[in-house]
Every structure is written in C-alpha cells, then in structure tokens.
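Not measured: the values here are computed from a predicted model. All ligand and atom numbering here is 1-based and tracks the order in the structure. As a basis for the values below, the full set of heavy atoms in this structure was taken, side chains included, without hydrogen atoms, waters or symmetry mates.
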Amino acid sequence: MNHPLRLGIAGLGTVGTGLVKLIDRQSNQLASRLGRGIEIVAVSARTRDKDRGIDISRYVWFDDPLELAKSEDIDAFVELIGGEGGIAKDSVETALSAGKHVVTANKALLAHHGTELAARAEERGVALNFEASVAGSIPIIKSLRESFLGNEVRRVFGILNGTCNYILTKMEQEGRGYDEVLKEAQDAGYAEADPAFDVDGHDTAHKLAILTSLAFGTEISFDSIYVEGISTITPEDIEAADDLGYRIKLLGVAQKTDSGIEQRVHPTMVPKHSAMAEVDGVTNCVAVQADAAGDVMLIGPGAGADPTASSVMSDIIDIARGTILPPLIVPSAHLSPYKPARMRSHEGGYYIRLSVLDRHGAFAAIAQRMAEQEISLESIMQKRPRTALPGIDASRSPGDTLPVVMITHETLEAAIRKALTAIESDGQITSKPQMIRIEKL
Ligand code: HSE
C-alpha cells in the first residue's frame, strides 16, 4: 500500500470537528478503497482544551496555523478557520508556497482572493480544492469541473444559503418570527459566525462568485454582484406570495446576457409548482442550464457538520488519488476578465407591495406612474390590513393605509425603479415600496 496522505487541519469548529469524526468513521474503508490511508497528523485551533467530542491528543498540536501550514510532516493543509483574510488567508498562502496541497471550505477567502490563490497553486503544481465552499454536500464544483466541461453554460442559479432557506421555510410553514428561527439555525451550526453574512446575502454572493467563475471561465469578481438579503421580507410578503401561487427564496443567479454576465443575489418569487419552491429548510439547490446537458438540478443539505465534512473529504480523496486540476477549471492564464451586465437592464416580472393612503385618486395615480414606464400589470390585489380582523370595526378614517400588491408582466428593472421613485415622490404611499423579483425557472 502507498504511504498515507498526511493531513494538517486548521480550525476545529463545526466543520473541522465533523471532518475528524468522519475520518475516524471511514479510515479503514477509505484505505482499502483508495489503496492508501488518509491520516490526520496535526491540528491547530483557537483553543486547545475544549470539549469537542473528539480526542485531539492523538495529533501534534500547533498553536500557530502558519507553522502547521508549512510543517514538513504534512502533505495537505486543510483550512477550516474561515474568514476573507487574516490568518485563514495567510495560512493558505503559506501552505501553497511551501508546496502543500490545500483543501478549504472558505467561500469568503475564495470569493475575494480565489483568482490569485489559484494562480499560486498552479505555479507550485499543487491542488487548491474547495468543494465544501459552495452548497454543503452538493458536488457542484466537481460537476462544473468535470461533467459540464464540454458544455456552454447559460445560467447557474440556486438556493445557496441553508440558514436563509431555513428561516424563510419556517416563517412560511409555521408562521414563526424571524429572530426565533434564526436562533434555531445558529444553534444547529448552520449560520456563519456573524449571521449577518447569511441574512444580508453576502454568503450567497461569496458562493455565487465562485460558481460564476467556474461556469463561465472568468476571473472571480465578487464586487460586481448585486446583493439584497432577506431582512426586509415580512410575513405580509410571504402570505401574499402564497396567495399568488409563489414562494419566496433567496436565490443567487449568474447568467450570460448579450452585454456581459449578470450576477445577482436577492429574494425571489418562484412558482409554487417549481422544484426550487419545494426546496425546504437547510437544503440547497443548484440548477445548471447548459447547451448540451440541458437543465440539471442538484439538491442536498447545504450546511451542517456532516454534509460539509463530506465535501471536504471528497477533495482530500482527489489529492490522495493524485487528481490535481487547475483550481478554477481553466488554467489561470486563460481565464477571461469578468464583464458585468448592468442590473438595470435585467428583465423580469416583479412583485410590488405598497402601503397606499386610503384616499380618492391614489390608485389612479399609481396606475398612471406604471403606465408612464410602459409597465403592464398581470394582477393587482388590495389586501386587508393584518389588523382588520372579522368583527372589528373596520370603518375608515383619513390617513388609513391599504396594503396593495401588484404583479407586473416582464419589464426592465430600470422601469420599475423609475415608477417606484415617482410613486414615492407623489406622496400616495406611507412607507418604502417592497419589490421582489420573479424568476422564470
Ligand atoms: N452559513 C452557511 C449556510 C453555511 O447557512 O448556508 C454553509 O456555507
């Protein structure tokens, strides 16, 4: 049998601990499947003496992950520290420069520095593998790298954040409050150390930046992504979406357009009968539309210790087998510069919710502003205020507002924005309009 692949693991949080347990469970079977053992020789974490439910006294301990990254005793460095820069970035750079293979689950690091890190790995002839950085256990990176390579990808999109999908699902199915459900996602180990990264859409954007590069052969361009999170979504929106035959999902979408590549992250109304709408809880879903393969969807757990450790393991196995590929599929020298499409030229249908003053002419003024931008309406609903319950005096008084929900036919985003700005300045509404894009699936 060949000599074992020796690992150094930096970071023993949810994923690091999950990986140690998985290797413990699988090591005998893996050795016989691969003809080669996989052995953890050293670890590093912020705190040594913490009950993680694993025995780390078997491994050499490093206080400093940088020392571990260049240790003579390891073949591959597994970075599970997290974070865009700091010690995570320094340790990955150190490992690559020392000629070590690197496996990481760090989407923030790749989204911001992936292009340079890939070039460095190629120069040194080592692997930089990151399957676990996108969509938990779903093998989307391997699929883009291997299965779709002979295709022209038109669009890649999906539910890429388990925490947000968990929150939206629980709010819809159980009518529970946002804060309570977020706390549950944190307790289950799904959320980022700072959950604002999840709910503000940045985690999805990190993952989308990686997918865009892999799907379209471009340099990674995180800063060009249009990002909106889920914190403005109200129970009224979820209820109205339900009435209209939609569910609200936080989607990341990257697609080729005539003017460049569109990259966007925002809450999206998806038809209830679509497969994407059925993706519940912490589950993720990635859809790839490609010329030869057609429309393909991959669905699976998007966060949590075991699913993420499973993807880290698959990267380690590639290294153990000697499969070393250019990290961004296309060799670094052949990546194209990223050319962005303008968000304002995005075309689609829109859901709009307004708090309209209950007075004569308000509806006509709103309809006029929409018509000026040549926006046609598919449906319009006047919703009963949530406070107006049966049996309660619903008599109207000056200053009352009525929730109004509209669905538009396909139009340009620039037109919608102009119409909403005009409606706001007309003084017919009492709070900022809510606008949610509708995605054709
Ligand atoms: N916080 C992330 C999520 C973890 O909820 O999807 C997996 O990347």
Side-chain angles (χ1 to χ4, degrees), residues 11-19 22 78-84 88 103-112 114 129-142 156-171 178-212 214 222 225 227 229-231 233 248-253 265-268 276 279-287 298-315:
L12 293 173
T14 305
V15 182
T17 304
L19 178 65
L22 183 60
V78 184
E79 185 274 305
L80 301 172
I81 303 168
E84 164 194 340
V103 174
T104 178
N106 191 337
K107 54 253 165 159
L109 173 68
L110 290 156
H112 290 277
N129 290 349
F130 44 88
E131 183 65 71
S133 65
V134 181
S137 66
I138 300 176
I140 181 60
I141 292 175
K142 276 192 199 306
V156 55
F157 65 104
I159 297 170
L160 303 176
N161 183 272
T163 302
C164 287
N165 206 49
Y166 186 85
I167 294 173
L168 292 170
T169 304
K170 296 283 171 184
M171 283 174 76
Y178 178 92
D179 293 331
E180 180 193 339
V181 185
L182 170 59
K183 167 88 181 45
E184 222 170 72
Q186 285 177 288
D187 291 346
Y190 303 151
E192 296 304 296
D194 176 358
F197 275 90
D198 296 293
V199 296
D200 292 346
H202 294 292
D203 178 77
T204 300
H206 288 147
K207 295 164 179 168
L208 186 69
I210 298 167
L211 291 184
T212 304
L214 300 179
F222 172 77
I225 303 180
V227 186
I230 62 165
S231 55
I233 301 298
I248 302 176
K249 298 289 181 192
L250 183 74
L251 293 194
V253 183
V265 171
H266 49 73
T268 309
M276 199 67 78
V279 175
D280 280 352
V282 71
T283 309
N284 280 191
C285 174
V286 190
L298 296 133
I299 299 177
D306 268 357
T308 315
S310 162
S311 284
V312 174
M313 221 30 234
S314 76
D315 282 345

Give the residue, atom name and distance (to 0.1 Å) of the protein heavy atom nearest [atom].
atom                   : value
atom 6 (O) of ligand 1 : Gly162 N, 2.7 Å
atom 5 (O) of ligand 1 : Thr163 OG1, 2.6 Å
atom 2 (C) of ligand 1 : Glu192 OE2, 3.1 Å

Task: For Thr14, all residues meeting side chain to side chain contact (heavy atoms under 4.5 Å, CB included), sequence neighbours excluded - done: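 Partners of Thr14 under the side chain to side chain contact (heavy atoms under 4.5 Å, CB included) test: Ala305.
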Task: Results of side chain to side chain contact (heavy atoms under 4.5 Å, CB included) for Thr169 - residues two or more places apart only - done: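 Partners of Thr169 under the side chain to side chain contact (heavy atoms under 4.5 Å, CB included) test: Asn165, Gln173, Lys249, Asp280.
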Task: ligand 1 contact on Asn284 by region, counting heavy-atom pairs under 4.0 Å - done: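 Under 4.0 Å from ligand 1, Asn284 contributes no heavy atoms.
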Open item on the list: Would Gly302 count as a contact residue for ligand 1, given that I'm defining contact as a non-hydrogen atom of the residue lying under 4.0 Å from a ligand atom?
Closed with: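 Yes; Gly302 lies near enough to ligand 1 that a heavy-atom distance drops under 4.0 Å.
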TODO: Look at Lys207 together with Asp203 and state whether they make a salt bridge at an N to O cut-off of under 4.0 Å.
DONE: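 Yes.
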TODO: Using a strict 4.0 Å threshold on nitrogen-to-oxygen distance, state whether Glu84 and Lys107 make a salt bridge.
DONE: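 Result for this pair is no, no salt bridge flagged.
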Task: Any donor-acceptor N/O pair, Asn161 side chain to Thr204 backbone, under 3.5 Å - done: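 Pair absent, no side-chain N/O of Asn161 close to backbone of Thr204.
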Counting from 1, what ligand 1 atoms have a heavy atom of [X] closer than 4.0 Å?
X      : result
Tyr190 : 1 (N), 2 (C), 3 (C), 4 (C), 5 (O)
Lys207 : 2 (C), 3 (C), 6 (O), 7 (C), 8 (O)
Ala191 : 1 (N)
Asp198 : 1 (N), 2 (C), 3 (C), 5 (O)

- [ ] Could you tell me whether some N/O pair between Ser133 and ligand 1 is separated by less than 3.5 angstrom?
- [x]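 It does not: no N or O of Ser133 is found under 3.5 Å from an N or O of ligand 1.
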- [ ] Specify whether His202 and Phe197 have parallel, tilted or perpendicular ring planes, treating 30° as the upper limit for parallel and 60° as the lower limit for perpendicular.
- [x]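 Perpendicular.
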Task: Donor-acceptor side-chain pairing of Tyr166 and Glu184 below 3.5 angstrom - done: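 The criterion, which ignores hydrogens and geometry beyond distance, is satisfied for Glu184 and Tyr166.
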